[in-house]
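As structure tokens, the structure follows; a few thoughts come after it.
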2 protein chains.
Amino acid sequence: MSDVAEQLSPAEMADRCGISIDTLRYYEREGLLDTIERTAGGQRRYSSSDVAWVMILRCLRTTALPIREMKRFAELVRQGDDAIPERAQLLREHRAEVVDQIAALQEALDTIDHKIATYAAILESTPVVDTLSDTTPTLGGKGARAT
Amino acid sequence: MSDVAEQLSPAEMADRCGISIDTLRYYEREGLLDTIERTAGGQRRYSSSDVAWVMILRCLRTTALPIREMKRFAELVRQGDDAIPERAQLLREHRAEVVDQIAALQEALDTIDHKIATYAAILESTPVVDTLSDTTPTLGGKGARAT
DNA sequence: CAACAACCTGGAGTGCACTCCAGGTCAAGC
DNA sequence: GCTTGACCTGGAGTGCACTCCAGGTTGTTG
């Protein structure tokens, strides 16, 4: 009884996770990954549960959780199921930050869209002519030009 | 005929824009801000159009446009209305990236929510007991524990 | 079993976006 | 007019998250 499930070389792992080999080693050094299996010769062999875990890390990094916090999360995981309440707490706090990030981006997107629309309007109203100008009245500036 | 509109000191400007004085000076050095008015003694006085412009910069930074790109945008603004098509183009490209960012965050948020829900389920099903464990079947790992 | 790619380690280097500092100048209130 | 806090400049320093390197070992392929 064996068939020890898929073992991935560093290159395969990197490829599978969309993360560089160097970053993988860096995460390991930082204590974000638990001890990775090795071949007799000392080369790493990643398991599919390693893949799953790195995917979680990637999700957290995508959402700008600092490495320091990910380390804390990793430690809580190492502590086993007793630490689940703390892990849940950490994720709930982070979740709130992600929601804020999305809101901030959405707001910025609206601003950008507005600006694009303004440019479009200018380009439409003065297709060839180049004498007229300006978009926002940039209150205060006198030599106001479109930004 | 004057009433030269509001002039802000560096501290007021920083406060108004939600950006530090140092960052404001840094942006100026980097060519993101056009020459700022000065008092006879050489101290900066920001106009409300400076505020408007810095708000745009802030919006772009919020959405992770690199300083280098903001510099390019600032240059296009300096070139006047002839450069509006290029400015619009730059913004459209950036807009697409912002949309991608939002999508990525949204996806990550779903993952986080899923994880939180899993933890909640564990905590609910085993309120005091600590013998049962695990969440995801972490395929492959044998000593699988909840992550 | 030779050759060559992939991997190993510890440590140094990079790029980005600020942020801070020293040593001096300016300006507003008393 | 003097004090005190805000401001000036050029340049150095910081924190973060990687990323690269040298010099050596492993593992696979013909």
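In this text, all values refer to a predicted model and were calculated from it rather than measured experimentally. Letters A, B, ... mirror the listed sequences (proteins, then strands); counts begin at 1.
Side-chain contact between B:I122 and B:E124: absent, with no pair of heavy atoms (C-beta onward) separated by less than 4.5 Å. The shortest distance between side-chain heavy atoms of B:S47 and B:E37 does not fall below 4.5 Å. In this structure, A:D113 and B:R95 have side chains that are in contact, with non-hydrogen atoms separated by less than 4.5 Å. Counting heavy atoms from C-beta on, the side chains of B:I67 and B:Y26 come closer than 4.5 Å.
In this structure, B:E28 atom CD and D:dG11 atom P are separated by 16 Å, rounded to whole Å. In this entry the distance linking CG of A:L8 with P of C:dA6 reads 16 Å, nearest Å. Here the P atom of nucleotide D:dC20 and the CG atom of A:L24 are 15 Å apart, to the nearest Å. Rounded to a whole Å, the CD1 atom of A:I21 is 12 Å from the C1' atom of C:dA5. Rounding to whole angstrom units, CZ of residue B:R38 and C1' of C:dA27 are separated by 16 Å. Going from atom CG of A:D22 over to atom C1' of C:dG13 covers 12 Å, rounded to whole Å. Between A:E30 atom CD and D:dG15 atom P there is a gap of 15 Å when expressed in whole angstrom units. Computed from coordinates, the A:E12 CD to D:dT28 P distance equals 11 Å when rounded to whole Å.
Here the side chain of B:R25 is nearest to one of D:dT9, C:dC8, C:dC26, namely D:dT9. Comparing D:dC16, C:dA27, D:dA17 against the side chain of A:R68 picks out D:dC16 as the nearest.
Proximity of B:R61 to the phosphate of C:dA17: a side-chain N or O atom is located under 4.0 Å from OP1 or OP2. An OP1 or OP2 oxygen of C:dA27 is reached within less than 4.0 angstrom by no side-chain nitrogen or oxygen of B:R44. Phosphate contact (OP1/OP2 of C:dA17, side-chain N/O of B:Y27, threshold under 4.0 Å): absent. One finds no side-chain N or O of B:T23 lying less than 4.0 angstrom from the OP1 or OP2 phosphate oxygen of C:dA17. Regarding contacts with the backbone of C:dA6, every side-chain N or O of A:S9 stays at 4.0 angstrom or more from both OP1 and OP2.
Residue contacts shown for B:R45 are absent, as no nucleic acid heavy atom lies under 4.0 Å away. Residue-level contact check: A:R29 touches the bases, meaning some heavy atom is under 4.0 Å from a base atom.
The 5' end of DNA chain D is approached more closely, in terms of each residue's nearest nucleotide, by A:S20 than by the other of A:T39 and A:S20. Comparing B:I67 and B:G41, the nucleotide of DNA chain C nearest to each residue sits closer to the 5' end for B:I67. Nearest-nucleotide assignment on DNA chain C puts the 5′-proximal partner with A:Y46, out of B:Y26 and A:Y46.
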(request) Would you sort out whether B:M13 and B:I36 count as a side chain to side chain contact (heavy atoms under 4.5 Å, CB included), showing the intermediate values? (result) CA-CA 12 Å; B:M13 180 67 176; B:I36 300 298; over 6 Å; no
